Amino acid sequence: MAAPSAAQRIVIENAAIATVDANDTEYASGYLVVADNRIESLGPGKAPENLENVVRRIDATGHLITPGLVNTHHHFYQWITRGLATDHNLFNWLVALYPTWARIDEQMVRVAAQGSLAMMARGGVTTAMDHHYVFPKGSGDLSGAIIGAASEMGVRFTLARGSMDRSEKDGGLPPDFAVETTEGALAATEETVKKFHDASFDSMTQVAVAPCSPFSISTELLREGAALGRRLGVRMHTHGSETVEEEKFCHELFGMGPTDYFESTGFLGEDVWMAHCVHMNDSDIAAFARTKTGVAHCPSSNARLAAGIARVPDMLKAGVPVGLGVDGTASNESGELHTELRNALLINRLGAHRESALNARQALRLGTYGGAEVLGRADNIGSLEAGKLADFVLWKIDGLGHSSIADPVTAIVFGAAAPVTASFVNGKQIVENNRLLTVDEDTIARDARTEAQRLARIAAQA
């Protein structure tokens, strides 16, 4: 439907455009017209003449326009525990860091969320996601702090309200003081959904039900979490099949592998997405394809924790929805998603499919439309199409790092991390020349250092 003539318009011209639509339509030199918060039109050549209420024109010569990047898995609070346990596998890393994480409070979480969001947003992320599952008693309004940080930055956001109720005394990994009760976790999750979730087309904030992982939650919490998500009509998220140790844990405790365990509790389906999914056999991939369960592929974190190489090419061939994730910055210290385009391509080429594993356009699709599909928002974001929300990025590709690469998509995927000249969310610019417009990066950096040091002191005293 065309925008009303009274809409304020932004016209961008002379850019290469990768729409990431169903046909992978691209223009060597084209235009994009934004009307308020929607994409009104786009195509090759110059924009239509006689457009009304044009408030801004951008000459994007030397740039590639893509949909904004969509992050599908993260743990914002870890921004203040980066650089620790750097030579550990997943289970040992968790055991080393849980006692510190269990002492976070609202101020720490707010500052950590600001740092995590800032690093992603200035690198082209327009839709962010946070899986937060550590809720110490008396720590304050952590969900509100995270959502507030995303709102202040102007980023579209999904909070996966996580939970843990299986502690060391029950055979889990978290310390006993770091978990909630099953009933308390479910009640708090429902309250968060009812308070913050917006299901509208233009939504800037959505909430998912997200029990943490098989080794930190009870079967009851997983099963009841799935039922809660479906009763409330929201998506569900958790970690799955991340390591061989997790697979062994599930077989010993439940008598089956992770995928069969999730299916037995109702935690597979087109309203579910799972982080990592590294150790998946053919049967597991078939189950995800059959149920349309999504995957958040986190290549850098998988490598950092020596988890392995996920079978992304096989998932895509089977029809599994796959997006990209940063994962928490205690296991991916860079905290950037645009570098994951390159890492996903390169790491998957180390697997069985070698050079045919992924190409540049498949990598870009993972980071845009694939992520939107995984978050249940492919009808309104993830590709550049008339009527969709105006979330897009202008990548500078005529500078030192990219000017000699003829193909623009190859330039931003295979080349160095491309500078972001402009990033728009909901039709509003939030980044200009690699700097955030909505918040002060230097203040965030100082606050993050302060809170990281405060948390380290508290953990040491404990």
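None of these values were measured; they are calculated from a predicted model.
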Whether [Y] and [X] form a salt bridge (side-chain N of Lys/Arg under 4.0 Å from carboxylate O of Asp/Glu) is what I want to check.
{"X": "Arg365", "Y": "Asp24", "result": "yes"}
{"X": "Arg9", "Y": "Glu40", "result": "yes"}
{"X": "Glu190", "Y": "Arg231", "result": "yes"}
{"X": "Asp202", "Y": "Arg38", "result": "yes"}
{"X": "Glu13", "Y": "Arg56", "result": "no"}
{"X": "Lys194", "Y": "Glu191", "result": "no"}
{"X": "Arg290", "Y": "Glu263", "result": "yes"}
{"X": "Glu336", "Y": "Arg122", "result": "no"}

Does the side chain of [X] reach to within under 4.5 Å of the side chain of [Y], using non-hydrogen atoms?
{"X": "Tyr133", "Y": "Glu180", "result": "no"}
{"X": "Leu221", "Y": "Ser163", "result": "yes"}
{"X": "Phe201", "Y": "Asp379", "result": "yes"}
{"X": "Ile10", "Y": "Ile58", "result": "yes"}
{"X": "Pro67", "Y": "Phe392", "result": "no"}
{"X": "Val234", "Y": "Val209", "result": "yes"}
{"X": "Val431", "Y": "Leu437", "result": "no"}
{"X": "Leu384", "Y": "Val20", "result": "no"}

Under a 3.5 Å distance rule, please check whether [X] uses its side chain to pair with a backbone N or O of [Y] as donor and acceptor.
{"X": "Glu385", "Y": "Asp21", "value": "no"}
{"X": "Arg166", "Y": "Val179", "value": "no"}
{"X": "Gln78", "Y": "Ala330", "value": "yes"}
{"X": "Arg342", "Y": "Phe414", "value": "yes"}
{"X": "Asn332", "Y": "Gly328", "value": "no"}
{"X": "Lys396", "Y": "Ala422", "value": "no"}
{"X": "Asn14", "Y": "Ala60", "value": "no"}
{"X": "Thr438", "Y": "Met153", "value": "yes"}
{"X": "Asn426", "Y": "Met204", "value": "no"}
{"X": "Ser383", "Y": "Tyr369", "value": "no"}

To the nearest 0.5 Å, tell me how far [X] [atom1] sits from [Y] [atom2].
{"X": "Ile347", "Y": "Ser300", "atom1": "CD1", "atom2": "OG", "result": "5.5 Å"}
{"X": "Gln362", "Y": "Leu366", "atom1": "CD", "atom2": "CG", "result": "7.5 Å"}
{"X": "Thr25", "Y": "Ile17", "atom1": "OG1", "atom2": "CD1", "result": "11.0 Å"}
{"X": "Met274", "Y": "Phe267", "atom1": "CE", "atom2": "CZ", "result": "7.0 Å"}
{"X": "Met108", "Y": "Glu451", "atom1": "CE", "atom2": "CD", "result": "6.0 Å"}
{"X": "Met315", "Y": "Phe288", "atom1": "CE", "atom2": "CZ", "result": "7.5 Å"}

Which heavy atom of [X] sits nearest a heavy atom of [Y], and at what distance?
{"X": "Gly382", "Y": "Ala372", "result": "CA-CB, 3.8 Å"}
{"X": "Ser241", "Y": "Glu246", "result": "N-OE2, 2.8 Å"}
{"X": "Gly367", "Y": "Leu341", "result": "CA-CD2, 4.0 Å"}
{"X": "Leu436", "Y": "Ala121", "result": "CD2-CB, 3.7 Å"}
{"X": "Ala185", "Y": "Arg161", "result": "O-NH1, 4.1 Å"}
{"X": "Ala318", "Y": "Ile285", "result": "CB-CG2, 3.7 Å"}

- Message: Does Asp59 form a side-chain hydrogen bond (donor to acceptor under 3.5 Å, both in side chains) with Thr61? I'd like the steps, not just the answer.
- Response: CA-CA 6 Å; Asp59 180 357; Thr61 300; 2.6 Å; yes
- Query: Have Trp101 and Thr81 got a donor and an acceptor in their side chains that come within less than 3.5 Å?
  - Reply: yes
- Just by distance, with hydrogens left out, do Ser139 and Asp105 show a side-chain donor and acceptor under 3.5 Å apart?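 Asp105 and Ser139 do not have a side-chain donor-acceptor pair below 3.5 Å.
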- Query: Hey, do the aromatic rings of His239 and His75 have their centres closer than 6.0 Å?
  - Reply: yes
- Task: Apply side chain to side chain contact (heavy atoms under 4.5 Å, CB included) to the pair Asn37 and Leu389, showing each step before the final yes or no.
- Result: CA-CA 6 Å; Asn37 72 334; Leu389 296 169; 3.7 Å; yes
- Message: Walk me through whether Asp271 and Met236 qualify under side chain to side chain contact (heavy atoms under 4.5 Å, CB included).
- Response: CA-CA 6 Å; Asp271 50 3; Met236 288 90 76; 3.7 Å; yes
- Task: Give the C-alpha distance, both sets of side-chain angles, the deciding distance and a yes or no for side chain to side chain contact (heavy atoms under 4.5 Å, CB included) between Leu455 and Thr100.
- Result: CA-CA 7 Å; Leu455 177 57; Thr100 298; 3.7 Å; yes
- Query: Between His73, His131, His297, His237, which is the residue that forms a ring pair (Phe, Tyr, Trp, His ring centres under 6.0 Å) with His276?
  - Reply: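 Going through the options one by one, the only one that passes is His73.
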- Message: Testing Thr66, Val125, Leu64, Ile412 one by one against Val393 for a side-chain contact (heavy atoms from CB on, under 4.5 Å), which residue passes?
- Response: Thr66
- Message: Test side chain to side chain contact (heavy atoms under 4.5 Å, CB included) on Thr243 and Val278; report intermediate values, then the result.
- Response: CA-CA 7 Å; Thr243 66; Val278 175; over 6 Å; no
- Lys NZ or Arg CZ of Arg110 over Phe76 ring: under 6.0 Å, within 45°: no
- Give the C-alpha distance, both sets of side-chain angles, the deciding distance and a yes or no for ring pair (Phe, Tyr, Trp, His ring centres under 6.0 Å) between His74 and His132. CA-CA 8 Å; His74 210 314; His132 188 87; over 10 Å; no
- Message: Going by side-chain hydrogen bond (donor to acceptor under 3.5 Å, both in side chains), Arg156 matches just one of Thr205, Asp391, Asn380, Thr126. Which one?
- Response: Asp391
- Ser200/Ser203 under side-chain hydrogen bond (donor to acceptor under 3.5 Å, both in side chains): CA gap, chis, key distance, verdict: CA-CA 5 Å; Ser200 71; Ser203 171; 4.9 Å; no
- Query: Do Tyr261 and Thr219 pass the side-chain hydrogen bond (donor to acceptor under 3.5 Å, both in side chains) test, and can you show the C-alpha distance, the side-chain angles, and the key distance before you say yes or no?
  - Reply: CA-CA 9 Å; Tyr261 174 59; Thr219 300; 2.7 Å; yes
